Amino acid sequence: MKILFVIDRLELKYFEFNNLVTNFWIIKSLLEKNNEVYISTIDMLKLKSAKAFCDCYKTFVKDNNIFYDKESFSEKGIENFELLMFRPDPPVDLDYINATYILDFVDRKKTFIMNDTTAIRNFNEKLHSAMFNDLMPKNIVTSSFKDIIEFLNENNEIILKPLNQCFGGGVMYLKKGDKNTAVIINQMTKNGSNAVMVQKYIEKAIYGDKRVLFLGEDVLPYCVQKTPSNNDFKFCEHNDSNVKKAVLSDSELEKFKPVAKKLSSMGLPMVGLDVIDEKIIEINVTSPCYFIKEINNAFGCHLENDVTDYILSATKAHLNKYSLLND
């Protein structure tokens, strides 16, 4: 199978030996299963006569590592690939949105896109978590100073999150009575012009949050606990010391199975939930980290093979559906 990964620009810069990155493991596994894998970035996507193209590099495995051939740089029509894995990191800014617009011109009967870029564009990782509001901490989305003050007075401790950042960027903790309350709210909302997600603070956040992983309609049995780092109240540094083995409870499996089913039906089969005390605080659909290195070490498995088996199976099922229709 011929496969294109649209990865983050920073990830392209540090492509080799980057085994903390989910794409490293997925690409390596796909190459070892005799697929052709190419990499590109959102700034290398383009339209020509209403057809989607990209500049890209071919990847290869050598000495148990992955590389890309800098001399292989070339332009290719995206519909020449059976599968496009769209995995650039947030922020979901105008460049990101424009990339999803370009991919609207790809014939989905010829190329399967995972996660579906229209679905990603329609799903804000903070705001649309409220689709599963009964599984979340108490929350509001607003730009109103008055609303946030009322929510703070009701809940005593709150978390404020910008709607388009990642990896804990811009997330603030606020306690009732803090002398910087007005400054923090005005800074977060840009003086009432930008909406933010506001959630009731969960006391167990001091232990970090759990990453729950979906593949299609399945909740994976593996997960990790992401612990706060650098004296922060949140996970913001990916290293061995703050990623721990975790276990899913029966209750979590039962609660989150319908979430996986719903998101998969929307074109979002690869998803990572951030969970504290069995409550969803965020739903990652853009480029969710599967923490493959850490999970493999902790559970003695090869998670990347499970992921690529699913990806290849889902792609073949999608393309066969249209092949049968054409027949």
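On a predicted model such as this, the values are computed, not experimentally measured, just so you know.
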Would you please test Glu217 and Lys261 for salt bridge (Lys or Arg N to Asp or Glu O under 4.0 Å) and show each step?
CA-CA 4 Å; Glu217 296 186 0; Lys261 186 173 182 179; 5.2 Å; no
Would Asn297 and Lys293 satisfy side-chain contact (heavy atoms from CB on, under 4.5 Å), going step by step from the backbone distance to the final call?
CA-CA 6 Å; Asn297 290 337; Lys293 171 179 173 284; 4.0 Å; yes
Correct closest heavy-atom pair for Lys226 and Arg211 would be NZ-NH2, 3.4 Å
Minimal non-hydrogen separation, Gly272 against Leu213, with atom names:
CA-CD2, 4.3 Å
Does [X] reach the side chain of [Y], with side-chain heavy atoms less than 4.5 Å apart?
X      : Y      : result
Asn35  : Lys2   : no
Tyr57  : Asp69  : no
Tyr173 : Leu160 : no
Lys210 : Leu248 : yes
Lys46  : Glu75  : yes
Thr22  : Pro288 : no
Glu11  : Phe24  : no

Centroid-to-centroid, Tyr38 to Phe5, below 6.0 Å?
no
Is the terminal nitrogen or CZ of Lys70 (NZ for Lys, CZ for Arg) located under 6.0 angstrom from the six-membered ring centre of Tyr68 and within 45° of that ring's axis?
yes
Using side-chain contact (heavy atoms from CB on, under 4.5 Å), reason through Ile149 and Thr181 one step at a time and then give a plain yes or no.
CA-CA 9 Å; Ile149 288 293; Thr181 294; 3.7 Å; yes
Is there a path of hydrophobic side-chain contacts, each under 4.5 Å between heavy atoms, that joins Met114 and Ile27?
yes
Would you call the rings of Tyr96 and Phe86 parallel, tilted or perpendicular if under 30° counts as parallel and over 60° as perpendicular?
perpendicular
In a check of side chain to side chain contact (heavy atoms under 4.5 Å, CB included) between Lys279 and each of Asn139, Asp274, Leu135, Ile202, which one passes?
Ile202
Going by an N to O cut-off under 4.0 Å, is there a salt bridge joining Glu157 and Lys176?
no
Could you give me the CA-CA distance, side-chain angles and deciding distance for Val6 and Leu84, then say whether side-chain contact (heavy atoms from CB on, under 4.5 Å) is met?
CA-CA 7 Å; Val6 178; Leu84 187 155; 4.1 Å; yes
For Val37, does its backbone N or O pair with a side-chain atom of Thr59 as donor and acceptor, under 3.5 Å?
yes
For the pair His318 (side chain) and Thr111 (backbone), establish whether a donor and an acceptor sit closer than 3.5 Å, ignoring hydrogens and angles.
no
For Lys109 and Leu319, what are the C-alpha separation, side-chain angles and deciding distance, and is it a side-chain contact (heavy atoms from CB on, under 4.5 Å)?
CA-CA 6 Å; Lys109 296 178 182 178; Leu319 297 177; over 6 Å; no
